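Below: the structure, in structure tokens.
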There are 2 protein chains.
Amino acid sequence: MINENQPLQALTVLLRASQHIQEVIRKDMMPYGLNPTEFAVLELLYHKGDQPIQVIGQKILIASSSITYVVDKLVGKNYVTRVACAEDKRVTYASLTPEGRALIMTIFPEHKKRMEEVFEDVSLNELTHVIDSIKKIGYKAQSM
Amino acid sequence: MINENQPLQALTVLLRASQHIQEVIRKDMMPYGLNPTEFAVLELLYHKGDQPIQVIGQKILIASSSITYVVDKLVGKNYVTRVACAEDKRVTYASLTPEGRALIMTIFPEHKKRMEEVFEDVSLNELTHVIDSIKKIGYKAQSM
DNA sequence: TATATTTATCTCGAATTCGAGATATCTAAA
DNA sequence: TTTAGATATCTCGAATTCGAGATAAATATA
């Protein structure tokens, strides 16, 4: 593969790697009865605190109507509650329940280890460069 | 962000970039009435020739039952036909129709240009390293 | 103040993807 | 040859995601 088709090769490699990683996450979450989106929401709330539905959608790149569905699921499993915003009555926060917090505190360290595994064949120095480059690519794509 | 959480940062950056790129592709294909999966199938057939349903699924990482659905859609649009395999009667090939070939021959050069745009902020040398690293990461994830 | 616009969430129906199981065919082993 | 297991495709129902539109609330403008 020479330079001519480098961007297309980069595209393929990038998208396939993402799919494989997402598959790892999907399998890791299955025993907990979570899909990757539900996990992403729990992780967001755990690390960033209560978040408006709207903001969750922006952070994990999912439409607001889809977030409503995911939060419904998590509420049904008693991992999340909806909390009305006092200042702006249009806004509803999603908030971890004690059960939700306990679950994500169990899952997250395992997830972190697994991701260290995924990236273990790439040196720290290499990974730093990769992050820089992929950031540029992501920003560019976002702006298009 | 120091090294402690580098793998998690890499994960986020990688998955988000992929989502943004896929969104670019989705929007680019919309005027042609194709979704990204349908485009991926047409592109595969265009570059690799007729392919068994099964193989298409492996190449674009989609379940065989989903490929059946996608190929049905493309057959309905008259871009693809099913061709029985003479040697192995279990196998059905998907094959581009003249209309399908004409369409992908129109779309593909535009797609290529767009992807060059996506990656234009990263030098060729940089991109070579990125491809190497992401390949390693993808292989690792695939093996887990 | 009254009206128009924007924003946040939700409802609803459609599209896409999946997994489990069915069917037909092929291959290997007894 | 017959049987058992493997393989390729498809059917079906469920899960997930989306976009369009509805509703309520906040904000900006006349």
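Residue numbers begin at 1 in each chain, while the letters A, B, ... track the order of the sequences. None of these values were measured; they are calculated from a predicted model. The analysis underlying the following values was restricted to heavy atoms, covering all of them including side chains, and did not include hydrogens, waters or symmetry mates.
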Does [X] have any side-chain contact (heavy atoms from CB on, under 4.5 Å) partners at least two apart in sequence or in another chain, and if so, which?
X: B:Glu126; result: A:Ser133, A:Lys136, B:Val122, B:Ser123
X: A:Lys48; result: A:Leu44, A:Gln51
X: A:Ala10; result: B:Phe119, B:Leu127, B:Ile131
X: B:Glu110; result: B:Tyr32, B:Thr106

Check: Listed by chain and number, what are the salt bridge (Lys or Arg N to Asp or Glu O under 4.0 Å) partners of B:Lys77, not counting sequence neighbours?
Finding: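 Expected list: B:Glu38.
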Next item on the list: With sequence neighbours excluded, tell me which residues meet salt bridge (Lys or Arg N to Asp or Glu O under 4.0 Å) with A:Arg16.
Entry: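 For A:Arg16, no residue satisfies salt bridge (Lys or Arg N to Asp or Glu O under 4.0 Å) once neighbours in sequence are set aside.
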Checklist line | From CA spacing to verdict: side chain to side chain contact (heavy atoms under 4.5 Å, CB included), A:Thr92, A:Val83 | finding: CA-CA 6 Å; A:Thr92 305; A:Val83 178; over 6 Å; no
Check: Under the side-chain hydrogen bond (donor to acceptor under 3.5 Å, both in side chains) test, which residues partner A:Glu120, sequence neighbours left out?
Finding: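 Result, side-chain hydrogen bond (donor to acceptor under 3.5 Å, both in side chains) vs A:Glu120: B:Lys140.
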Notebook entry, point to check: Rounding to a whole Å, what distance do you find between A:Ile53:CD1 and D:dA25:P?
Noted result: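 Going from CD1 in A:Ile53 over to P in D:dA25 covers 17 Å.
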Note to self: From CD of A:Gln54 over to P of D:dA26, roughly how many Å is that when rounded to an integer?
What the structure shows: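 Answer to the nearest Å: 15 Å.
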Please list each protein N or O that sits under 3.5 Å from an N or O in nucleotides 26-29 of chain C, with the distance.
{"residue": "C:dC26", "atom": "OP1", "partner": "B:Lys89", "partner atom": "N", "Å": "2.9"}

Next item on the list: Applying ring-ring contact (aromatic ring centres under 6.0 Å, His included), name anything that partners A:Phe39, two or more places apart in sequence or on another chain.
Entry: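 Checked A:Phe39 against ring-ring contact (aromatic ring centres under 6.0 Å, His included); matches are A:His111.
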Quick one: which protein N/O atoms are closer than 3.5 Å to N/O atoms of nucleotides 13-23 of chain C? Pair and distance per line, please.
{"residue": "C:dT16", "atom": "OP1", "partner": "B:Asn35", "partner atom": "ND2", "Å": "2.5"}
{"residue": "C:dT16", "atom": "OP2", "partner": "B:Tyr69", "partner atom": "OH", "Å": "2.9"}
{"residue": "C:dT16", "atom": "OP2", "partner": "B:Lys73", "partner atom": "NZ", "Å": "2.7"}
{"residue": "C:dT17", "atom": "OP1", "partner": "B:Thr37", "partner atom": "OG1", "Å": "2.6"}
{"residue": "C:dT17", "atom": "OP2", "partner": "B:Thr37", "partner atom": "OG1", "Å": "3.4"}
{"residue": "C:dC18", "atom": "OP2", "partner": "B:Ala63", "partner atom": "N", "Å": "2.8"}
{"residue": "C:dC18", "atom": "OP2", "partner": "B:Ser66", "partner atom": "OG", "Å": "2.7"}
{"residue": "C:dG19", "atom": "OP1", "partner": "A:Arg26", "partner atom": "NH2", "Å": "3.4"}
{"residue": "C:dG19", "atom": "N7", "partner": "B:Ser65", "partner atom": "OG", "Å": "3.1"}
{"residue": "C:dG19", "atom": "O6", "partner": "B:Ser65", "partner atom": "OG", "Å": "2.9"}

Check: Quick one: is B:Arg82 getting a side-chain N or O under 4.0 Å of the D:dT9 phosphate, OP1 or OP2?
Finding: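 Checking B:Arg82 against D:dT9: no side-chain N or O falls below 4.0 Å of OP1 or OP2.
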Item checked: End-to-end axis angle, where each axis spans five pairs of the helix from C:dT1-D:dA30 to C:dA30-D:dT1, to 10° ->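 The angle, to the nearest 10 degrees, is 20°.
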Check: ring pair (Phe, Tyr, Trp, His ring centres under 6.0 Å): which pairs involve residues 60-107 of chain A, sequence neighbours left out?
Finding: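 Not a single pair qualifies under ring pair (Phe, Tyr, Trp, His ring centres under 6.0 Å).
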